[in-house]
Structure formats: structure tokens, C-alpha cells
Amino acid sequence: MAKRQALRELQQRIAGLLQQAKNEQGPAASWLGVRLGEQRLLLPLQQSGEIHALAPIQPLPYATSWFLGVTALRGNVYGVVDLADFLPQAPAASAHAERSRQRLVALNETLGLNVVLRVDGLEGLRGPDAFVRCEAAAPDAPQHWGPVFFDGDGIAWQEIRLLALAQNPQFLDITAPIAPSVQALPAALH
């Protein structure tokens, strides 16, 4: 009972701080910055959900390599996507990436998918004022690639449109292609 009360008080305090931040002058954050290897990505805050520490993942047979399996978070089951493996344009996760820094970022529940994205680390909240210029995504880029923003140090930040990602047929199909491992059946069995 005491834990529930403490959780309610924490939620109320966070809600109050969020309301206070809304009322204050200044640019609002638009993105959650994450890292895959050395690449920086921007996930729109309105399309992002909760952030979780890396949790045990139960692999699923016959799933693609980028679909790591399922995990239970706060009493709900989520599919776990290795974002670096799914995004062919992104570098593979560093073999030396610290597991303790890896996080699971949920898609906002309004997108209708119980999915979390495994990322190598968090880079904090970013607003438009954090960047000095912006370039449109390449014409041949997937629909879920948004513009590329550059900060004052010249570091590129690729926006990932989570709504478009959640509607991508490739993202929704987690089944691995089945290789023909069995020879053709004898004609008598047809």
C-alpha cells in the first residue's frame, strides 16, 4: 500500500513539473535523442512512449533477425525490435556497447503497437533550437526517415518518424523468410 501511495505522489509531482514546464517561456522539446553505435537519432516525443532499462527478452522462433523477441514491462508484453538491425542505413550496434546503457523506448500507445525499440543509449531531449541547419531526407530514403538535423558541433541527427515506421509493412512482418531446407517431396506424396 505504501508503494502505491509513493507511486501516486511521484506521478503527481511529475505531472506538476510537466505543467510548470509547459507554462514557462522557452522552446519545447520535440524529440528524444538516442544513439545507435555512433549514430544519433531523433524520435518524435509525441510518437514515443515510456523508456525502460534493458529487460530479459524471450526470443521467438521463425522471427527476423531484427525482432529480438518479447519482454514483459509493467505487466504488458512488448515486441522488442533491435533498431540498429532494422534500419539498414544505421550502423550495427557496437559490439562494445555497454548493456547497462542500452534502453528500450516504447512506441506511443496511440500508434497501436506494443513495441519497444532497443537503442544503445539516450542522448536527452532536443528542441528545434538545438540545431543550426536541416536537410531533407534523401529521395530514395524509406518513408520513416525524416530530415537530418545538424547541431552546432556539426553532428548529424537523423529523425525517425515513428508513425510511418509503425505503418511500414516490413516493420509489421516479423516472420523470417523460410529457406527451402527440405528437398521436394516425392511425386507419390503429392
Side-chain angles (χ1 to χ4, degrees), residues 14 18 28-128 130-131 137-138 141-149 151 155-177:
I14 290 172
L18 287 172
S30 299
W31 301 282
L32 172 64
V34 299
R35 184 176 38 77
L36 296 179
E38 294 301 315
Q39 185 174 18
R40 304 297 193 268
L41 301 177
L42 296 170
L43 306 178
L45 282 178
Q46 290 185 338
Q47 298 169 9
S48 301
E50 291 185 60
I51 299 167
H52 302 274
L54 196 59
I57 299 168
Q58 178 65 44
L60 292 179
Y62 310 112
T64 62
S65 63
W66 51 264
F67 190 81
L68 300 177
V70 295
T71 190
L73 301 168
R74 293 179 151 229
N76 294 308
V77 176
Y78 291 86
V80 182
V81 171
D82 182 347
L83 193 57
D85 197 15
F86 178 78
L87 300 174
Q89 300 85 345
S94 167
H96 304 295
E98 289 183 45
R99 271 185 73 80
S100 64
R101 296 185 57 94
Q102 293 177 352
R103 295 290 182 261
L104 300 173
V105 179
L107 298 184
N108 190 298
E109 63 185 30
T110 61
L111 300 182
L113 297 176
N114 274 11
V115 173
V116 291
L117 307 172
R118 193 210 55 82
V119 298
D120 289 336
L122 301 176
E123 295 293 320
L125 299 176
R126 298 287 188 270
F131 304 103
Q143 288 287 325
H144 52 271
W145 284 90
V148 179
F149 294 86
D151 64 20
I155 297 173
W157 293 77
Q158 175 67 58
E159 180 183 39
I160 303 296
R161 296 179 175 148
L162 297 178
L163 175 59
L165 183 68
Q167 296 171 345
N168 181 333
Q170 180 187 0
F171 187 77
L172 296 172
D173 183 9
I174 63 166
T175 56

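Because the structure is predicted, anything quoted here is derived from the model rather than measured. Throughout, residue positions are numbered sequentially from 1 according to the sequence presented.
- Looking at Q143 and Q167, their side chains never come closer than 4.5 Å, going by heavy atoms from C-beta outward.
- Applying the side chain to side chain donor-acceptor pair (under 3.5 Å) test to E50 and every residue at least two apart in sequence or in another chain returns R74.
- The backbone N or O of P56 lies less than 3.5 Å from a partner atom in the side chain of T71, making a donor-acceptor pair.
- Between H144 and F86, the angle of the ring planes lies from 30° to 60°, which puts this pair in the tilted group.
- No side-chain heavy atom of I160 sits under 4.5 Å from any side-chain heavy atom of V34.
- Under the rule for a side-chain contact (heavy atoms from CB on, under 4.5 Å), the partners of L45 that lie at least two apart in sequence or sit in another chain are A29, L32, L125.
- Between L41 and V119 the shortest side-chain heavy-atom distance does not fall below 4.5 Å.
- For A166, the side-chain contact (heavy atoms from CB on, under 4.5 Å) partners two or more places apart in sequence, or in a different chain, are L107, L111, L113.
- Residues G146 and A137 share a closest heavy-atom pair of O-CB, 3.3 Å.
- The CG atom of D120 lies 8.0 Å from the CG atom of D82; values are rounded to the nearest 0.5 Å.
- Taking all atoms of both residues into account, the shortest heavy-atom contact from V148 to A156 is CG1-CB, 3.8 Å.
- By the side chain to side chain donor-acceptor pair (under 3.5 Å) test, N76 pairs with no residue at all, sequence neighbours left out.
- Looking at N108 and Q46, their side chains never come closer than 4.5 Å, going by heavy atoms from C-beta outward.
- The structure places CG of N168 at 11.5 Å from CG of L163, a figure rounded to the nearest 0.5 Å.
- In this structure, CG on L165 lies 4.5 Å from CZ on F171, to the nearest 0.5 angstrom.
- For R103, there are no salt bridge (Lys or Arg N to Asp or Glu O under 4.0 Å) partners two or more places apart in sequence or in a different chain.
- Residue Q102 holds its CD atom at 4.5 Å from CZ of R118, rounded to the nearest 0.5 Å.
- Taking T64 as the reference, W66 meet the side chain to side chain donor-acceptor pair (under 3.5 Å) condition, with sequence neighbours excluded.
- F149 meets the ring pair (Phe, Tyr, Trp, His ring centres under 6.0 Å) test with W31, F131; sequence neighbours excluded.
- In this structure Q47 satisfies the side chain to side chain donor-acceptor pair (under 3.5 Å) test with no other residue, sequence neighbours excluded.
- Inter-residue side-chain proximity for L36 and L87 is flagged as met; some heavy-atom pair is nearer than 4.5 Å.
- Applying the side-chain contact (heavy atoms from CB on, under 4.5 Å) criterion to R161, with sequence neighbours excluded, gives P147, E159, A164.
- Taking the salt bridge (Lys or Arg N to Asp or Glu O under 4.0 Å) definition, one finds that E109 meets it with nothing, sequence neighbours left out.
- When all heavy atoms of A63 and A176 are compared, the pair lying nearest together is O-CB, 3.4 Å.
- The shortest non-hydrogen separation linking L162 to P44 is CG-CD, 4.2 Å.
- One finds the CG atom of L43 at 7.0 Å from the CG atom of L83 (value rounded to the nearest 0.5 Å).
- The side-chain contact (heavy atoms from CB on, under 4.5 Å) check on A72 picks up nothing, with sequence neighbours excluded.
- When V115, L104, V70 are each tested for a side-chain contact (heavy atoms from CB on, under 4.5 Å) with V80, only one passes: L104.
- Contact of the V81 side chain with the I174 side chain is not registered, since no non-hydrogen atoms from C-beta on lie closer than 4.5 Å.
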